[in-house]
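The structure appears right after this line, and notes come after that.
Every chain is numbered from 1, with letters handed out A, B, ... down the list of sequences. Bear in mind the structure is a predicted one, so any value in this text is a computation, not a measurement.
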Amino acid sequence: MRETPLSNCEREFILNNIAQQRRLDGRNAYDYRDLRIAFGVSLGCCHVELGKTRVLAQVSCEVGDPKQTRPHNGVLFVNVELSPMACPAYEQGKQSEEGIELSRLMERCLKESRCLDMESLCIVSGEKAWHVRVDIHVLNHEGNILDCSSIAAISALAHFRRPDVSVHGEEITIHTLEERNPVPLSLHHMPLLVSFTFFSQGKYMLVDPSLKEEKVMEGKMVVGMNKHRELCTLQVTGQMLLLKDQVLRCSSIAVTKVTKITELIHQALENDKQARLRGDKHGFAVLVSGDKVTSNRLPTTEVSVEKTEVSMEGQSSEEDSEDQSATNNGADISDKPDESTSKSSAVHILTKGVGMIGEGGPSTWLDLPQAIEKQQKVKKRKHRPAKAEEEEEQESSEEEEQVILK
Amino acid sequence: MPLDTRRLTGPESSQSPYNFAPVNKLDLTQLDKRPDGRSIKKLRPLFLRTNVVSQARGSSYIEMNETKVICAVYGPREVLRREDFSLKGQLTCDFKFTTFSCRQRRQYQQDSQEKDLSVLVLEALEPAVCLHKYPKSQINIFITVLQHDGSALSAAITCASVALASAGIEMYDLVVASSAAICGSVTLIDPTAQEEDALLKATVKPDNNAGSVTVAFLPSLSQVSAISSDGELSFEILNKSMQECVANCQKLYPVLEHTLVKHQQELEAGRS
Amino acid sequence: MFEPATEAKLADHCTLCVHRRGILTGQAGQYNHYVWDKSIPNVELSPLCSPNFRPGPPGEQAQVLSQNMDDLLKTSGCINFEDLCICPGKLSWVLHISLVCLDYDGNIMDACVLALVAALKNTCLPAVTVDEETGDIKTDPTTHTPLSVACCPVSTSFIVFDNNILLVDPTNEEEKLATGAVTVVAEGSNLVSIYKPGGTPLRDDQIEDCIDRALERSLEAARLIDDTLCSIDR
Amino acid sequence: MAGMELLSDQGFRIDGRKPNELRRIRFKKGVFRQADGSAYLEQGNTKVLAAVYGPHEIRGSRSKALHDKLLINCQYSMATFSTQDRKRRPRGDRKAQEMTSHLKQTFDAVVLTELYPKVQLDIFVEVLQSDGGNYCASVNAATLALMDAGIPMKDYVIACSGSHLRDTPIVDMNNLEESSGGAEVVMAVLPRCEQIVFLEMNSRLHEDHLSGVMDHVMVGCKDIFNVLNQQVQDELCQKTQLDKLVTTG
Amino acid sequence: MGDAGLSEAEKTFILHSVQDDFREDGRGNEDFRHMELETSLISNTNGSARVRLANTDVLVGVKVQLTPVDPERPEVGRLEFFIDCSANATPAFEGRGGEELGSEISAMLTRAYAFPGAVDFHSLCVLPGQQCWLLYVDVLLLECGGNLFDAVSIAVKAALFNLKIPNVTMTKDEGGVELDLSDDPFDFKRLDVSGAPIIITVNKIGHYHVVDASEKEEECSLARLMLGVTEKGTITAMRKEGSGSLDPNSISDMMEVNTRFLCLPGI
Amino acid sequence: MASFTVVKQEEFEAQQEKGSAHVLRCLTSGLSCLTRQDGSVSLSQGDTTSIAVVYGPAEVRINKEQIDKATVEVIFRPKVGLSRPEHRKQERIMRNTLEPAIEAHLHPRSSISIIIQETEDLGSNLACCINSACLALLDAAINMNYMVAAVSVAVKENEDMVLDPSKQVEKEAKSIITYVFDSVNYQIVTIASTGSFSRVQHMEALKLAREASKSVFQFYRESVAKKLLMSE
Amino acid sequence: MAAPMPVCIPGRKLCKESDTHLPGTGTYTRNGFIYSSLVGTIRETTDESNVKTISVIGKENNSIIPYIDAIVVARVTNVNPRFCKCEILSVGKHHLQDAFRGMIRKEDVRALDRDRIEMHKCFRPGDIIIARVMSLGDAQSYLLTTAENELGVVSALSESGK
């Protein structure tokens, strides 16, 4: 499905507002929309809402071989898929330009900033290591999925626990969650992406663009940073010409944003931890809790049903109902099966390794490999001509020359 | 993360048990009798039949002892991609070994060898088909080798040409193919798989011949529509064995003829 | 060197099923909950068998079929995967099962199951010996041990025609017109699976009827397989 | 600490360069006959071929055409033998795709696209040998190829990379410096007006150092510009003189 | 290959030019075009070569890598060919456009090199039954002006000739054998390529046989015969290409023509 | 409210552990929880949650166009990794279940696409997905012939029946059967089973599931009613 | 048919081409001879001037792809003011295994007052029509016409689809 384009007047309207330092949702230029982080019941599952934009991130791991180039390291794999779930413009399966850019940015933010301690993921050097996989699902695209997914990804990584392993010589045992407490991944730092959008030759700049703003922007600059004021990624996309000081301004703003968001994440993690300790209700069931206007809840319900014996006689009753149906609409059950049941009790063995049953008689495939090898008579018939021709080939060849019609 | 998400995938580290089995070497240079008891110059019995795939426009099945090939022909269909549109008809060929057809387990995806063979079969058949009669449409040939015991290529070509004929596609002539393996002084006609890879492993003196030839031949136009050879061969030997293959094609031709005539008669019987 | 091969034919429909045994080396089997599957069935609906299929990776139908075969193998318990273990944690058999459709004329599910079971039943594993200290593996293709197959599940497919008529063993044509399908896989008196993927809603008695017929048929088909296999001298 | 051997105490880099010193640049325009424009460029051990086809009518689906401007279509690929350990495939992997889109972005900004509505321009870049700064070399080579093809542009677009080692910014990094894990800043600029067309940074760099590095990279770009411009001008003069001779007989 | 889009008139012109043995670029039917050959230009490879045959421009790089041996033949090393048709040559090759041609060429090369005498495969085996050298022969097609197969094969042979395989020292210890490569750039061994074949293509245009056809001429020929020939004059691979068919005699003639170019392999 | 479910939840888990339990876990739905789609629902059955969205009737890709009715496509997105044959199977089941329920012929040459995202699988995932999809269709106001409700039943080794099993129970169970019923006269739309069982068990499970499905339908009605109420 | 006619296969030489023997369908001529190009039975038809036409009849009696002037049955797939697209289901008696795309331009719908044709009043998607092939058309589709008395829509459904 194609994305419905923005009408010119709408475009104008938005741009004018931006020019007057106003945004449609009443935010200031450097404000984020309100951020909500929730964790699933399963570990390493994080759900982030940034305004109306929603992203789900799930971290998983499995044991595999390490890369030849880095035998002492585990492997981190980041997968961002823009499915039609998020917005109709995206197509299932094929990666769009946007998708590639997004997933590369995520990769650079998480991998190349080396926020995850790869050595700690190694089980047996050069033989076995953990493959950690981050799946990021964009559920709803209302602008700035990039920041949202980076938040989701990093908090999911922080929330995740991998099963414990113990190595005794050759033996490698992976302990189930019941046997031993799973261990968290060791994160060096928490890089986050902050994107800045530019309008009208970079004259105006906004943080956390909404969908509409993204549609009218001329370019975007993404700053990846952690709370130690270390830049982890920097990227300018779109067709625009920037000047150095603009870049610097962005990075300085990013600092404040990152520190704030990082705090939020830590807080959320803490809450989840407490909830689990208290055996409280956690997970998404809370997210879709019945308190919203559009939502509804049916409390756990007892289903009363007659006991087995009842259903037994139910069976008998159904049996007779069946014959009824068989009688009243004759077409109901084709008589094919009846026939087969009646006479097909006899299995015909045609040759060694070839048997048949039921209607229709032997198939065209009767003389196939096994059949033919054994089935001498068939084979003979087949082969006589071949042989014959082989013997008197001259004759056959001249017959070929001879003219049939004159 | 399995790479092929559309199939059930097993462990990569799995190996064929035959890798651990003792290998029995077969020396072709001094061999009086062939493993299957044929004489050097003898062809394997050829079994052909048509109409094996009910859904196809034309189809055929060929069997040379343990080499078993099935082929189906579909079309003429319309060309969907506007890029490869042409007023002349097009022929496509898709050659595949089943995973279990060979000694070593094969992959599901078409590998380079199969691609190469597809092209060879295609070029062998193209000269024989009256493509100008099928404007802006294409004819698809699908070949599957169920079991590979040598000379799969020649079997496939022969099989395909019969399938085309049985499909009622207009052709200038049938195509018959046959192959030979040369090792030193001996020339084995219609080699089996065992002989073929014995050939590859054969440690012959540098100036000695070791290789194989496959020739596709249009019998009644007496034209060679495809020829391919592997291994190191001297010019004379190659030429000689090529002639031999041509001769063998002539021998096989009547079998094809017989099969097709029978096929047609069955049709007639069906009509009346 | 022959792979156990069987073909199941329902009228014009033919499926060739072959097992390729492979030895799984390495220690993959060792990780208790990262064990590899020991049987990998794959159904190939090649463009050869019907004009509906195009070349390239398997389409949805083929994938679903492969999955069904897999589920069947796993849940029916017709092969005991412990038997496939040669040397615990180190070495085990892997059954690569390819089901190649040669002629597609409907009711492929039944054909596949039939072929699958028959092929399993005449699978032979060559003897394997492992040298303790060196860890060298030796196989002897001359001596075979047949794979023990506990039971033989049989699938019976019905299509729902025009919302209330049930037809067994549908042809390609019938399947195109069908408004729903039911597949019952039975084994002796037990049901291995009932598979009715949507379609028109059916009354209980209709389902019951399908089950009845499936149970009957399963006995016959089992007999077919056994008799046929007996007829092969091995 | 990686920085140590990368920058000696005497302030020399691993390949003996000074921190703000560029690698040797050699290039040749018009190396292919069949392409409309082409260029071969060496920056140290990084060797790149660029070819330009078009503007020509849209290939493939018409829907790609832009009604108001030129469609620029890029492909970045690396020869399988170009890298230290062999690449499996020359293109199509994520990194290559990303690089492709970066090139596209860069040249969309500088080529006067509005002059050729509804048509397509192909820029193909082939890295024969990679020793760091692939993007930079590609951009510079492509710029030359575009000139060779006579495609109107705002200005040269020049790319250069830089980093920050032991409190000293360095420019035009080679492979060793890149793979050492230090920060890498890549910039593509219009050298005359100092405008940034493309900016990218990987790994970690403290925010305070950013400004310094950017300055040096900018200078680096200008140096490259001068080198290229010099030769281009000379060639042009020679050519015009030749033409004069021809015309005057 | 051969998509110059010729008009009938042009075709007949070429046909005639071939008939009177005076082709459009002034060559006779059995003359090659001007060829340049340079070696060792990519420092990242173990051996590299570039061939420019008129407009056909081919770059070959060879990389060596230690790999476990093929269980089927445990005592020899392996060659692997990969042809990448760069989009620089023609926009048609963009993306996957060139793959078909690429695989065709690599298939032909693989055949031509698939006999024991091609190179000394045994010398490529480092540790019989365990480790051997895998030679990645990567061909990069930069520009195509006809007769690709020949040009590629020549470039490949040159690159193999130029190949420097680092020496390996083996140290026995209790886990097994320790292999280490010498990093000294001058401590290497060469590969003997005297047996290596090159491909010569003979095009049948009208009733005449033409070697080293230009792109235009290729389009005019319905069938061509490609042979891999060695210095010794043996034929290591033969293949008929194109949609036409040939009668047996003309094949022999074409082979004759080929064998006249045996001088070429000895570059 | 939170506390209320917590208690229930634990009781419930316990009950399932100890033997046959004929309880449906608590259902929670959030209609039009997303903004970009024509219909969207996040549904949770106990801890098992899934999000389903619906687009359509909308323009259809030319190669999928059907001239007499709308093209219904279902995409199931697993939470981890790319979709594999097992998910294809689920997709197929869901599509065949929902397609006849939709009155496709009202919107010829258009597409109705349903995308279902697994967000938390803690037992009876398939049922949850199907139910959420049906709700999403209702939320998108697509004309339907009937609603569908899915319920899974697990048969334990000791022959006990467990309705709407949790992950733990599913692991131990001998077989799991998922039934889908239509809302008109509660006939069987879909059966999908893993593991073997006797026909008696099948019939017992069927009865149980059918009863349960009625309360699910009730839940649908309430949810939609509530939504409509709010929108007024 | 009475006596089974001789069956021939592709490449079989039938007879010399001469002004009394002309090549018919299923044959081709090569240096002076008529060869068969099909598996089929040979048939010779003699016209009044005693000229024999040699033809070979394969499994179908007529061509298996649309050819110019063939009468085809097609289903309309979509309609717009200038033309309507349809898929050709069968050529003459031969039913096509998979359909070919066809197109009827506004001016080819009917012979009389062509300039007052309104496509959507002539065709609706799903209609089954009989048409004649005008030309092979472009890369996309064959050009069809219904501008004859015995051509046009032969089966259609009402608005309500009943």
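If you measure heavy-atom distances from I9(G) to chain B, the contacts under 4.5 Å come from the side chain alone. Contact annotation for S166(B): only backbone heavy atoms (N, CA, C, O) come within less than 4.5 Å of a heavy atom of chain G. For A167(B), the part sitting under 4.5 Å from any heavy atom of chain G is the backbone (N, CA, C, O) and nothing else.
The shortest heavy-atom contact between P135(B) and Y142(G) is O-OH, 4.0 Å. Pairing each heavy atom of S137(B) with each of I65(G), the nearest pair is OG-CD1, 4.0 Å. Considering every non-hydrogen atom in both K136(B) and D138(G), the closest pair reads NZ-O, 2.7 Å. Closest of all the heavy-atom pairs between Q264(B) and T41(G) is NE2-N, 4.3 Å. Closest non-hydrogen pair, Y253(B) versus P10(G), comes out as OH-O, 4.0 Å.
Remark: N149(G) CG is loosely packed, at most 12 non-hydrogen atoms of other residues, nucleotides or ligands lying under 6.0 Å away. Heavy atoms of other residues, nucleotides or ligands lying less than 6.0 angstrom from CZ of R75(G) number 12 at most.
A distance-only check finds a donor-acceptor pair linking the side chain of Q97(G) to the backbone of Q55(B) [under 3.5 Å]. In this structure, the side chain of E78(B) engages the main chain of R101(G) through a donor-acceptor pair within 3.5 Å.
The CG atom of D173(B) sits 11.0 Å away from the OG atom of S37(G) when rounded to the nearest 0.5 Å.
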Hey, can you pull the donor-acceptor pairs under 3.5 Å for the side chains in residues 26-33 of chain G, sequence neighbours left out?
| residue | atom | partner | partner atom | Å |
| --- | --- | --- | --- | --- |
| T27(G) | OG1 | G24(G) | N | 3.3 |
| T27(G) | OG1 | G24(G) | O | 2.7 |
| Y28(G) | OH | Y172(B) | O | 2.5 |

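Contact tally against chain G (heavy-atom pairs below 4.5 Å) for A165(B), S161(B), P76(B): the top residue is P76(B). Listed options L174(B), L221(B), L164(B) were ranked by heavy-atom pairs under 4.5 angstrom with chain G; first place goes to L221(B). Of the listed residues (V56(G), D98(G), L96(G)), the greatest number of heavy-atom pairs within a distance under 4.5 Å of chain B belongs to D98(G).
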